[in-house]
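Inspection log for the structure reproduced underneath, given as structure tokens.
Here is how names work: the chains are called A, B, and so on, in the same order as the sequence lines, proteins then strands, and each is numbered from 1.
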Number of protein chains: 2
Amino acid sequence: MQMTPSSLAGLQQVPQLVPADPSASGGKAAPPSKMKKPSVDKDSEEYRQRRERNNLAVKKSRMRSKQKAMDTQQRVNELKEENERLEAKIKLLSKELSVLKDLFLEHAHNLADNVQPPADAASPAPAQ
Amino acid sequence: MQMTPSSLAGLQQVPQLVPADPSASGGKAAPPSKMKKPSVDKDSEEYRQRRERNNLAVKKSRMRSKQKAMDTQQRVNELKEENERLEAKIKLLSKELSVLKDLFLEHAHNLADNVQPPADAASPAPAQ
DNA sequence: TAGGATTGCGCAATAC
DNA sequence: AGTATTGCGCAATCCT
């Protein structure tokens with residue numbers, strides 16, 4: 001996508017300012033010869049300024065909106081990375097813990113088998 | 001936001017179909033009396049159908065877009081929660097590991113110093 | 001009351 | 001040939 005800027009610069013949009021007749025269920029509504037006079041002067045200097053300011057505000061708002069969306073997407077990516085990092089860390093810690101626990105168990109067994117008196121609090125009941 | 005459905009139902013937008021004169025840098029461009037004949041019949045049955053289908057497609061596309069944005073935001077929230085969960089787990093594992101390591105160190109010291117184990121893990125180093 | 005910010009909507013160009 | 005996206009302007013609202 002890239003929206004080549006052809007004659008896109010500015011298209012005259014001339015809304016009739018009249019709510020198109022609601023009877024248009026499936027009808028085409030051929031332009032009735034009676035053109036309702038707009039209650040607002042499109043030629044008014046003030047009108048044009050108002051429109052222009054709004055168009056600017058709209059553009060600004062939309063840009064922000066898009067930026068926000070991109071930021072949010074970025075945030076997702078960052079969080080996913082962080083997540084993986086944390087998972088890895090957990091895996092590592094779990095492994096370390098597992099090793100140490102095994103050592104303890106082994107030690108405990110040795111104590112039990114050698115009839116050595118329990119040297120520390122981590123000893124399970126020698127019998128059973 | 002809610003866009004109260006006032007007379008919003010359908011506003012006749014009657015673009016002039018002529019790329020507004022490019023000279024409109026800051027100009028107001030008062031409607032020149034010469035109205036270029038649109039090369040496309042706005043009254044054409046086929047035109048209206050085309051427009052209507054496109055309007056539908058547009059609405060659909062925008063809905064998807066918004067939905068996607070919301071989903072992404074939701075994803076962020078989920079990931080943030082998940083991360084907190086993981087952080088907590090890491091904290092816990094680290095603590096466990098720390099305790100076990102201390103026990104090991106203490107034991108090693110006891111062996112090295114050939115000291116009688118105090119039968120309790122909370123014993124300070126006998127020497128210094 | 002004024003004025004910017006948002007949002008629904010339709011159009012047209014263009015991407016697919 | 002047809003749908004999907006996207007930039008744009010308008011007008012109604014919202015929100016200060």
Query - Test side chain to side chain contact (heavy atoms under 4.5 Å, CB included) applied to A:Glu82 - qualifying residues, sequence neighbours left out - result: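 With neighbours one apart ignored, the set is A:Arg85, A:Leu86, B:Asn83, B:Glu87.
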Report task. Mind checking side chain to side chain contact (heavy atoms under 4.5 Å, CB included) for B:Glu46 and listing every partner two or more places apart, or none if nothing turns up? Result ->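 Listed in chain order: B:Ser44, B:Arg50.
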Establish, with yes or no, whether the OP1 or OP2 oxygen of [N] is under 4.0 angstrom from a side-chain nitrogen or oxygen of [X].
{"X": "A:Arg51", "N": "D:dG9", "value": "no"}
{"X": "A:Arg48", "N": "D:dC10", "value": "yes"}
{"X": "B:Lys66", "N": "C:dT7", "value": "no"}
{"X": "A:Tyr47", "N": "D:dG9", "value": "no"}
{"X": "B:Lys42", "N": "C:dA12", "value": "yes"}

Query - Considering all heavy atoms, the nearest B:Lys42-B:Arg48 contact - result: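 Between these two residues, the closest heavy atoms are O-CD, 3.8 Å.
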Report task. Sort and list the pairs that fulfil ring-ring contact (aromatic ring centres under 6.0 Å, His included) and have at least one residue in residues 64-105 of chain B, not counting sequence neighbours. Result -> A:Phe104-B:Phe104
Could you tell me how far apart [X] ([atom1]) and [N] ([atom2]) are, to the nearest whole angstrom?
{"X": "A:Glu46", "N": "C:dG3", "atom1": "CD", "atom2": "P", "answer": "8 Å"}
{"X": "A:Gln67", "N": "C:dT6", "atom1": "CD", "atom2": "C1'", "answer": "18 Å"}
{"X": "B:Gln49", "N": "C:dC11", "atom1": "CD", "atom2": "P", "answer": "14 Å"}
{"X": "A:Met70", "N": "D:dT6", "atom1": "CE", "atom2": "C1'", "answer": "15 Å"}
{"X": "B:Arg50", "N": "C:dT14", "atom1": "CZ", "atom2": "P", "answer": "14 Å"}

Name each donor-acceptor pair under 3.5 Å that joins a side chain in residues 57-73 of chain A to protein atoms two or more places apart or in another chain, with its distance.
residue: A:Gln67; atom: NE2; partner: A:Asp71; partner atom: OD1; Å: 3.0
residue: A:Thr72; atom: OG1; partner: A:Lys68; partner atom: O; Å: 2.8

Query raised in the report: Residues from residues 53-65 of chain B sitting under 4.0 Å of DNA chain C, heavy atoms only?
Result: B:Asn54, B:Asn55, B:Val58, B:Lys59, B:Arg62
Identify each donor-acceptor pair in which a side-chain atom of residues 88-102 of chain B lies under 3.5 Å from a protein atom, sequence neighbours left out, and give them as a table.
residue: B:Ser94; atom: OG; partner: B:Ile90; partner atom: O; Å: 2.8
residue: B:Glu96; atom: OE1; partner: A:Lys101; partner atom: NZ; Å: 3.4
residue: B:Lys101; atom: NZ; partner: A:Glu96; partner atom: OE1; Å: 3.2

